[in-house]
Amino acid sequence: MIGDLIKNHPQAEKHLFIKGAKLMVNDGKTSQVCFVEQGDLQIILAYGDKVLFEISAPVTIGVQQLYTHCYNYYTIFKTDATVWLLDIECFKTVVENNNIWHELMVVICHVMDRIDDYHRTTYLATNSYDLVKHCLEQIWQLPEQERENTSVFTYIMKRHNISRSSITKIIHSLNVGGYIKTKRGILLQVKKIPHGY
């Protein structure tokens, strides 16, 4: 519903982004809400350039700017994408005129839940092993075609400040222990990964 209201607004602008393109909904001068109609994207923490989470269309991002002037994230498109942008003040009018506060809260809560998951994983993990374990479990949940093209090293280093050598040691130990199977950095099999290292 929110996406349709953005898309149908006379001041909404349609943009086509190619894979790898970067979008900042708040560049310090303008604030916009973004409805991604088609495509996959990553939400990146601006400080440290770490992936917070990945999400697929349809999705609306930037709505929390209604209540804060600080937006510490940007988007990288994993695929080509169709995106509609609407100025935040126009969006505020849309929300008020259509009384879509409930729908807006659903979007905000979903985003906050994903960010909370990132913080819980990152800041409550007591060591590199816990972070690597969590990332391996996330990779294993990806669709098979995506998983077959995902380097465990790249995936982990884009999300956490762990050296490649530390990741290599952990991955090697898990392979030797029979908990996982990798080939050239691609995760092929996961059994139950132990909680401790």
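Computed from a predicted model, the values in this text were never measured in an experiment.
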Does [X] reach the side chain of [Y], with side-chain heavy atoms less than 4.5 Å apart?
| X | Y | answer |
| --- | --- | --- |
| Gln11 | Leu86 | yes |
| Thr154 | Thr150 | no |
| Lys78 | Lys19 | no |
| Ile162 | Phe153 | no |
| Leu136 | Trp140 | no |
| Asp80 | Leu16 | no |
| Lys133 | His195 | yes |
| His172 | Val176 | yes |

Distance from [X] atom [atom1] to [Y] atom [atom2], nearest 0.5 Å?
| X | Y | atom1 | atom2 | result |
| --- | --- | --- | --- | --- |
| Ile167 | Ile156 | CD1 | CD1 | 4.5 Å |
| Leu5 | Cys90 | CG | SG | 13.0 Å |
| Glu13 | Trp84 | CD | CH2 | 10.0 Å |
| Leu187 | Leu142 | CG | CG | 9.0 Å |
| Ile44 | Ile76 | CD1 | CD1 | 5.5 Å |
| Ile193 | His134 | CD1 | NE2 | 11.0 Å |

Review point. Residues two or more places apart in sequence or in another chain: which of them pass side chain to side chain donor-acceptor pair (under 3.5 Å) with Ser56?
Key: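 Here the qualifying residues are Asp40.
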Point to revise | Thr182: partners by side chain to side chain donor-acceptor pair (under 3.5 Å), with sequence neighbours left out | key: Asn175
Under a 3.5 Å distance rule, please check whether [X] uses its side chain to pair with a backbone N or O of [Y] as donor and acceptor.
| X | Y | value |
| --- | --- | --- |
| Lys50 | Met157 | yes |
| Asn149 | Gln145 | yes |
| Asp87 | Glu89 | yes |
| Asn8 | Asp4 | yes |

Contact summary for [X] and [Y], nearest pair of heavy atoms:
| X | Y | value |
| --- | --- | --- |
| Val36 | Ala57 | O-CB, 3.3 Å |
| Phe17 | Lys22 | CE2-O, 4.4 Å |
| Val94 | His9 | CG2-CD2, 3.4 Å |
| Gly39 | Thr79 | CA-OG1, 3.3 Å |
| Cys34 | Leu23 | SG-CD2, 3.7 Å |
| Phe35 | Pro58 | CE1-CB, 3.9 Å |

Point to revise | His15, NE2 atom: more than 12 neighbouring heavy atoms under 6.0 Å | key: yes
Review point. Should we count CD of Glu144 as having more than 12 external heavy atoms under 6.0 Å?
Key: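 Counting neighbours around CD of Glu144, 12 or fewer heavy atoms of other residues, nucleotides or ligands fall under 6.0 Å, so no.
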Exercise for review: May I have the step-by-step check of side chain to side chain contact (heavy atoms under 4.5 Å, CB included) for Ile61 and Val33, ending in yes or no?
Suggested key: CA-CA 6 Å; Ile61 58 174; Val33 172; over 6 Å; no
Review point. How about Ser165 and Thr168: does a side-chain donor come under 3.5 Å of a side-chain acceptor?
Key: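 Distance-only check fails for Ser165 and Thr168.
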Point to revise | Derivation of the side chain to side chain contact (heavy atoms under 4.5 Å, CB included) call for Val152 and Ile180 | key: CA-CA 12 Å; Val152 295; Ile180 65 170; over 6 Å; no
Point to revise | ILVMFWY cluster, Met1 and Phe91 together (side-chain gap under 4.5 Å) | key: yes
Check your understanding: Hey, any chance Val83 and Ile18 share a hydrophobic cluster, counting ILVMFWY side chains that come within less than 4.5 Å of each other, even indirectly?
Key -> no
**Study point:** Ionic contact status for Glu54 with Arg159, cut-off 4.0 Å
**Key:** yes
Practice item. Tell me, with the steps shown, if Thr75 and Met24 meet side chain to side chain contact (heavy atoms under 4.5 Å, CB included). Key: CA-CA 6 Å; Thr75 300; Met24 295 189 72; over 6 Å; no
Check your understanding: Does Tyr179 have Lys192 sitting over its ring (NZ/CZ under 6.0 Å from centre, angle to axis within 45°)?
Key ->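 Not satisfied by the 6.0 Å and 45° rule.
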